[in-house]
Amino acid sequence: MKKIKYIALLSALLLTACNKFLDVQPKGVIIPTKIGDYEGLLNSPTVTQTFSPELLYMTDDVYQYTLTTNTSTITNAYLWRQYINAESQNSPAVWGNLYNAIYFTNVIINGVPSATDGTAAQKQELLGEALFLRAYCYMDLLTVFAKAYNSSTAASDPGLPLVTSTDVSEAAPQRSSVKAVLDTITANLQKAAISLPATNINKYRATKYAAYALLSRIALYQGDYTNAGNFAGQALAATHSTLDYNTFTSLTDFPTSSSNPEVLYQRTSSNYSIPFQVEYSDDLTSYFGSQPFTSNPDLRYRYLSATYLDGITRMSPDPVYSNFGMTFPEMDLTRAEVFARTGDISDAMTIVNTLRKNRIDAASYSDMTASSASDALTKVLAERRRELAFGGLRWFDMKRLNRDGLMTDVVRINRAQASSGTPAQQIGDLPPGSPNYTFQIPSRVQQFNPNMIKN
Amino acid sequence: MKITAVILLFSALTVSAATYGQKITLSAKQGSFEEVLKSIHQQSGYDFICTDELLGKTLPVNVELKDATLQDALNMILRGQPLTYEIDDNVIFFKIRPVSAPAKKALNNFPVEGHVLDETGRPLPGATVMVKNANLMDIHLTATNGEGYFRFTSLSDNDTLVVRFVGYKTAEVPVQRTMSIALTPEAANLQEVVVSTGYLRVAKDRLTGAASGLNEEQYQQHVAVTGNFLEGLEGKVPGLVYNPQTNQLSIRGVSTFNAVNQPLIVVDGFPTNIDLNTINPNDIVSVSVLKDAAAAAIYGVRASNGVIVIETRRGKSGKTVINVQATTAVQNKPDFGYLKYAPASEYAKLEAAQISTGGQQTLLYIDNLFLGTPLDPIQQVEVDQFLGNITGDQAKQKLATIGSYDNLKDYQRLFYRNRQTNNINVDASGGGAKSTYLLGFNYVGDKLNQQRSNNNQYIVNLANTFELNSRMKFDFKGTYTNAMSTSGSVPAYTSFLPYEHLTDAKGNALPVIGGLAPGTASNLINTISTDNNTSDMGLGLYDQQYYPYTELTANTLTSHISSMQLQGRLTTRLTDWLTFDVGGNYQNQSGIIDNLHTDQAYGTRLLLNLSASADPSTGQAVFNTIPQGGILERNLQTIEGYTVHGQFNISRSWDNDKHNFSAIAGVEQRQTITNGDLNTYFGYDGQTLTTKPYDLNALNQLSTAKASFPNVGFIVPTFPATSTAFFDITNNVSRFMSYYSQGTYIFDEKYIATGSVRLDQSNLFGTDPQYRNRALWSAGLAWRLHKEEFLKDVSWINELKLRASAGYTGNVPTNGNGRYLLLTAGVNTNIEGTPNYYTVTNPENNALRWELTKNYNLGLDYSLFNNRLNGSIDYYLKRSTDLYGTFSADPTLGFNSYLANTASIQNKGLELAINSTNIKTSGFNWNTSLSASFNQNDVTAIKATPYSNSTTYVTGTQYVVGEPMNALYSYHYGGLTNLGQPYVLTKTGTKVILDGTSTDVAQSDLIYDGTTTPKYVLGLNNQFSIGAFDFNFLFVYYGGSVMRVQPPIAGTASEPIPLAGASNYWQKPGDEATTLIPALQQGSSSSPGYYSPFATYGYLYANQFVRKADYIKLRNLGLTYNIKSKTLEKWGIIQPQVRFQAQNAFRYTFGGNDIDPEAIDPVTGVRTLPVEAFYSLSLYFKF
């Protein structure tokens, strides 16, 4: 009987010891509860590499020798085919990775208020970053999958599904109108701008100036030039400076993106070959004049180009982390555009010339002048084209300029192949006003949401 | 003298060795002596010889026996008879009882000497020998000495000796002056089939659930040459399906998609977490397979896939016995001819034709000139002809020369060899009355088919049992395993072109151009032209060409794994009905996996060239970020785990055994910790053991940095993009706490009720408290019909038991899954400062639940005709719900796919086991066993992925409600148009040339062919023994499934190398009448015969190329010669045997014998290398 007592004691020990035993959490995996857990999401490649290469290939900056039988997402974007994804199994290009990033921001937006640590100010700051990032993603999506903003139809033009839940078992919401999307993200950004810090740990992380810059972009997209100018001005209140390319002798002298004082907000792509293996279109080259890039007075063209295959490829000041985000010169040029559009020719040209002085070989530099408001606008837009080439914003500009009637036919050709004697041939074009300025929502999304309105 | 021998029932049909241990039950009133003898003969299997004369002297018999031994029975029926008997071999002779004077009894005392032996005739030292009912004054107790002898100085005729030895049946023997007493082991009682559930051992006739067992003899029929213990189970256990080639193991079908899908393996009562190779097949004495809930639910959440319980050998009391087994085996090098690749001559023609068809391809190759990549010889010829550098005739001649050499034979010779395997097993066992020991050693040396590929493993184990006192027993086992394997890198045959030379005449490696980059599906984009390579080498860079033959020696993968297992179990008998077990198991496995790439390896050379920078003044290469030399990736992996449990066992019966109750209840705690530590050394020199410093940032930027030397190339195909692929630490702790109980109640020996319940708790995510305390239970009933009055008199029924059970088993999610939002951490090397980050690995999914399987089983166990025909029949139904699966999801919600409860499936089936003793004579025995499983698997619910297009549908297996898992679909292929375009037919007969869109053909236009998972699995084992020879062969049959067999197609786009016969493609109008193979693809979509690449799917995935996958294989054939040699015996060598075994020596395939269904991907139809026959020769002996 004594033994039974011992055994009973042993059993009791085993039974009571178990609670602590099971409290050990698996390593390498966490359920977010602390403010640091949420902040960590903002450093994730999912969130820092939001730029989709397709957004670059849609633009008139790019030339690519293309087989018409090719159905890659890059080619479909390059030839403005209705669907960017030819198939419907894989995560759809542009849509998939941006909505994935939006999920991350929703995790923060929904979770941070109940984080177990952190001050109210820290929570507000993090919330602001997430709201900013979500707005940034929606803006990219809007330029691809919805019609350009048109004040008379925006309230009825289908925009995007605005997802706020993080529970994947719920159904996706219907598409909100273009206006509703823009109104929502504008309101989010205005809220974010208040709580965002003036500086952040690196350029991938938002500041209040980044919020103003994005607000400026949104206003510009909507043709609200007053606000575009005002917000650009607020963004430019940040500490920044313009690089004088005359102080450089080659590409290697350029600072990396992280130490570049012109970079306002950094975005990269998971595809590292852009812009390195992307060739200039003949149209873009024509903006730099007839001189070859090696001796061109425009130092942007001279230093940021290289011979590649049968053309010229774009190089990047940063060989690793090419920036497709926002820069201070973009804000300068937005202000210049606003001046030009409102007839303030001299202010517009002053901004352009201040920038050009830092970009053109000092030996051949002379101020640019404009004869009229429309001439000023043309010159500002041309400068914008040169300065922001391969910067990730051209498709945004093409959308709004097309609405304004400022785009001409964009033509895709295959250049003549000298070695095989094949002549040049046209393989596609995008005429002004073309419905192809708007891509169809991916077929995969349609499968899951058969009632979702199509473009 | 008239002697008429009456030999009762001499027919060979009725004698069975398996029945010698049979207990005798009989009842006679005034029965004739002869009739009683017949009855005993039927029950015991012993023959009797009694003369007519003696029979005439017998008196009628009155006897009432129940489960009596043979001797008791004979003593009872001979009570009062004038006869006595003698047992000689298997025959019992009767003779007149000598009449002895009663007075002599007390007086005639004499010394007695005796020898106690085991069943094989070896002496048993330490056996206790005692005089029955002895007078206390006498010396009445002794023990045998080291040679098994004992002696009493003075005993009388009347005395009886009682001989006891642990593990043997107690013998009672009348005294003689010199005695030789042979004990029979307890385990030799073959009627008592015992099934081990791991927690307890139960006599099979007390089970209500479905469990199959293999004993040592059945299991050891197969020689596990390479040390894989699972091989010996195939075809022997109904419901268990094991394919040695794919290493897939399942019990009663697959009941999950994504959770753990392997049965739980329990060794000596403890689930094993470490490498299954550490189980020495030679040590296995029993295998129990638990299939339904009543048998397996005691394992709770891990029981959904069934449980395999293995028991290993312990020593036996007695003199030390040494067992030796030595095996040597050979296997031919694989037959590449089976793959049916187009020979070089055909390939050369096809490649040339493809290039010249349409400008697209040609342009592409010319494009390659810009990148500085070289053209392969055929491309060069075509381009030269295109540019007018050579004439058409010259081109034709060049093509013929190129195609005249085929490298397949050289490839086989350079990279493959015959396999040779040696296996040695030695163990020593023995023990005394209170303890036993077993010390074993096993060595496997395997020279595998691939050159430089070797495995060497040895296992040492020690097992001890101790009887500490009359109440406590202790069992200990320790195993140490050391395994070392090395291999070189054998490039796939598809990594170059069939006409390329791999070595020169002297055997030096040559570079190649074509084919696929190692480990990727893309072309060797970094292949460099000879000119560029030469100029780069002039700058101090490494040779950047790809030499397949060098890869073999330039890369070495070495894995050195050692593991240790210790386990002990203490059983304490508290009362005569209650025992307490406390046991524990500790496992520790550590491995060093070294992957060495010398600077001769293509990957290393490429990495160094990519990271090299140019000296600003000389332009020469400087290796200042990644140092020159080899690269050693060292991965340290450890698994450490323990299990402890405490368990009460109750066994009680009362009211004259009318009620019998037994139960166990216990608590179990488990922990498994796995660790991984990956480190990489650069500039490594294996001889001096020096390594050099490197720039970690350079590693992070490998995929982004642009090489300083333009010829080197832009993209890194073979190296990981960030430093985390070179350095990594992993750690995982999983803990479980479980409470379990199981009980059996038997009423009147006829009706059995069982129940079990288990509760599992773990620290893993996803175990929501809501479900954590959800107990998994089972209940079962059994009815022993043969014990009923109405069957008692049916003499040909020995056993008939009806079983029914129901219950739940579960399945755990793999780690890191669950309904919560889960984040994993990483380091973002793409941002300056490499900050830590979190990423969402598992989205929040409030609908996620645990997998659950409801099990129902109905079974019948039978044993008929004197146990000559026995087996079981089981019908089961398994309903698995809430199965995890990768759910293809709406990307708008953030994820293109995630883990969700996607499906429910149902498995139902019939299992049949038949064991038959066909012929049993003294010189010839023939036994047959059949195990058959019929499984029908149906998807009952599925959270379906919407149909997107037919091409993605046919290229995978689908889950469709109402159809089995792994459903295969194909096109109704119509043939070719008059332009050679392949078209398919819709249901309505419309011709469609596929273009890969969702609108080309609808889901309903596709043909359902069947499932790729076999539905019928049969194993037929025949065993003969003729004199000194034993012969057995095992056929397995897999049936009810289909497979796709890829047809040849011209054009190199869809396959690495086209199959032979591809040149019979459509070339001119009219060919469509004679060939099904599409024309070559046109380069330009404006060409008249153009078709989309997707159109070829209509041909490749045509219904015509789906075949029945049913096949029969002679999985195992064994021939044993039992050497009978007096000389060897004299030297102390016992039971010497020579055994020859052939595995996979023959196959028959119902869908055409040119395809081995085990050597093909049934979904894509791509052939894989078949396993060659494996021949082995073994030598066994004991001393």
Side-chain angles (χ1 to χ4, degrees), chain A residues 3-4 7 10-11 14-15 18 21-22 24-32 37 40-41 43-46 48 67-69 88-89 91-92 95-96 99-100 102-104 107 161 163 166-169 172 202 204 258 268 272 276 309-310 319-321 417 419-420 422 443-445 447-449, chain B residues 359-360 362-363 366 369-370 572 574 580 646 667 669 701 703-706 714 730-733 735 737 761-765 815-816 820-825 828 830-833 835-840 843-847 889-896 898 946 948-949 952 996 998 1085:
Chain A
K3 271 180 195 139
I4 292 181
I7 289 155
L10 191 75
S11 313
L14 271 172
L15 284 163
C18 71
F21 177 73
L22 294 175
V24 170
Q25 290 204 339
K27 290 185 186 174
V29 185
I30 64 154
I31 293 177
D37 303 340
L41 286 168
N43 294 332
S44 151
T46 310
T48 60
L67 299 172
T68 51
T69 50
S88 49
Q89 288 293 296
S91 179
W95 187 285
Y99 269 105
N100 188 212
I102 288 168
Y103 185 92
F104 279 49
V107 169
V163 181
T166 52
D167 185 350
V168 288
S169 62
N202 60 47
Y204 292 92
S258 61
T268 52
Y272 299 110
F276 297 101
L309 299 180
D310 54 348
V320 184
Y321 313 108
Q417 298 290 301
S419 53
S420 61
T422 320
S443 52
R444 182 169 177 81
V445 175
Q447 277 173 20
F448 285 95
N449 305 283
Chain B
Q360 173 202 340
T362 314
L363 282 170
I366 290 169
L369 287 170
F370 291 106
T572 310
L574 299 169
F580 178 71
V667 187
Q669 184 176 309
Q701 294 167 13
S703 61
T704 53
K706 302 296 163 272
F714 284 95
T730 56
N731 172 280
N732 187 19
V733 181
R735 289 179 167 185
M737 191 81 199
Q761 304 180 335
S762 88
N763 69 325
L764 301 179
F765 285 126
N815 196 6
Y820 306 108
L821 178 84
L822 297 182
L823 309 183
T824 51
N828 193 340
N830 298 310
I831 300 183
E832 292 85 344
N836 285 341
Y837 73 86
Y838 284 113
T839 191
V840 180
E844 183 185 351
N845 181 357
N846 283 318
D890 181 359
T892 314
L893 294 166
F895 292 84
N896 202 50
Y898 54 83
S948 54
N949 60 53
T952 47
S998 55
S1085 57

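Scope of the values below: all heavy atoms of this structure, side chains included, with no hydrogens, waters or symmetry mates. Reminder, nothing fancy here: chain letters follow the sequence lines and each chain counts from 1.
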Against chain B, label [X] side chain, backbone, both or neither, depending on which of its atoms sit under 4.5 Å from a heavy atom there.
{"X": "A:S258", "value": "both"}
{"X": "A:Y103", "value": "side chain"}
{"X": "A:N202", "value": "side chain"}
{"X": "A:P161", "value": "side chain"}
{"X": "A:S91", "value": "both"}
{"X": "A:L41", "value": "both"}
{"X": "A:N449", "value": "side chain"}
{"X": "A:V168", "value": "both"}

query = Which pair of non-hydrogen atoms, one from A:D37 and one from B:Y838, has the smallest distance, and what is that distance?
reply =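 Of all heavy-atom pairs spanning A:D37 and B:Y838, the closest is O-CD1, 3.4 Å.
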inquiry  = Give me the atom names and distance for the closest heavy-atom approach of A:R444 to B:P891.
reply    = NE-CD, 3.9 Å
Flag side-chain contact, heavy atom, 4.5 Å: B:T892 against A:F448 = no
message = Does any part of the side chain of A:V107, heavy atoms only, come nearer than 4.5 Å to the side chain of B:P843, both counted from C-beta?
response =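 Side chain of B:P843 against side chain of A:V107, heavy atoms only: no contact under 4.5 Å found.
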ask   = Is chain A contacted by the side chain of B:N836, its backbone, both, or neither, given a heavy-atom distance below 4.5 Å?
value = backbone
request  = Among the options A:V445, A:T46, A:N100, A:N43, pick out the one with the most heavy-atom pairs lying under 4.5 Å from chain B.
outcome  =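 Most heavy-atom pairs within the cutoff with chain B belong to A:N43.
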ask   = When rounded to the nearest 0.5 angstrom, what is the spacing between CG in B:L823 and CZ in A:F104?
value = 8.0 Å
